Amino acid sequence: MTIEELKNAFDEINRAIKYSVEELHDPYPNVWKTTLYTCREALQKQIPKKPLQDCLCPNCGKCSVMDGEYGEPYNFCPECGKAIDWRDEE
């Protein structure tokens with residue numbers, strides 16, 4: 001998936017969450033909400049974000065996104081799985 005497709009899917013999930021909360025008359029609404037929140041979280045982690053200062057993960061902030069042994073940048077945080085955007089700003 002492209003980043004644009006991920007963002008569109010994220011928007012669709014947000015609409016589905018709103019619909020399930022406001023309009024869905026289901027005897028198990030929490031099952032739908034939990035599933036949709038899990039999907040949204042997984043998609044959100046796939047959309048790359050710039051690392052924080054000191055090369056910390058922009059999602060969890062706990063882990064360095066640089067390999068300490070080789071000094072190479074990770075494409076994903078080894079702690080939470082967030083995609084990291086290493087592109088230079090233009």
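The residues of the chain are indexed from 1 along the displayed sequence. In this text, all values refer to a predicted model and were calculated from it rather than measured experimentally.
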J.: Report the distance from atom OH of Y74 to atom CD1 of I84, rounding to the nearest 0.5 Å.
T.: 11.5 Å
J.: Applying side-chain hydrogen bond (donor to acceptor under 3.5 Å, both in side chains), can you list everything that pairs with Q46, at least two apart in sequence or on another chain?
T.: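 Here no residue qualifies.
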J.: Any link between I13 and Y37 through a network of hydrophobic side chains (Ile, Leu, Val, Met, Phe, Trp, Tyr) touching at under 4.5 Å?
T.: yes
J.: Name all residues meeting the side chain to side chain contact (heavy atoms under 4.5 Å, CB included) criterion together with Q53; count only those two or more places apart in sequence or in a different chain, and write none if there are none.
T.: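 Applying side chain to side chain contact (heavy atoms under 4.5 Å, CB included) to Q53 gives none.
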J.: Could you work out, with side chain to side chain contact (heavy atoms under 4.5 Å, CB included) as the rule, every residue matching A9, not counting sequence neighbours?
T.: M1, L43
J.: Taking side chain to side chain contact (heavy atoms under 4.5 Å, CB included) as the test, write out the residues that go with C63, two or more places apart.
T.: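 Per chain and number, C63 pairs via side chain to side chain contact (heavy atoms under 4.5 Å, CB included) with C77, P78, E79.
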J.: Tell me every residue that passes side-chain hydrogen bond (donor to acceptor under 3.5 Å, both in side chains) with N14, counting only those two or more places apart in sequence or in another chain.
T.: R40
J.: What distance do K45 atom NZ and C60 atom SG have between them, rounded to the nearest 0.5 Å?
T.: 8.0 Å
J.: Are P51 and C57 close enough that some pair of their side-chain heavy atoms sits under 4.5 Å apart?
T.: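 No; the side chains remain at least 4.5 Å from each other.
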J.: For residues K62 and L56, determine if any side-chain heavy atom of one lies less than 4.5 Å from a side-chain heavy atom of the other.
T.: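 A side-chain contact is absent here, since even the closest heavy-atom pair is not under 4.5 Å.
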J.: When you compare the side chain of T2 with that of E5, does any pair of heavy atoms fall below 4.5 Å?
T.: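 With C-beta onward as the side chain, the pair touches.
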J.: Which residues pass the side chain to side chain contact (heavy atoms under 4.5 Å, CB included) test with N75, sequence neighbours left out?
T.: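 By the side chain to side chain contact (heavy atoms under 4.5 Å, CB included) rule, N75 matches W86.
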J.: If I compare all heavy atoms of L52 with all of P58, which pair ends up nearest, and what's the gap?
T.: CG-CA, 3.8 Å
J.: In Å and rounded to the nearest 0.5 Å, what is the NZ to CD1 distance from K7 to I47?
T.: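 The NZ atom of K7 sits 6.5 Å away from the CD1 atom of I47.
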J.: Sub-3.5 Å donor-acceptor pair from the side chain of K82 to the main-chain atoms of Q44, do we have one?
T.: yes
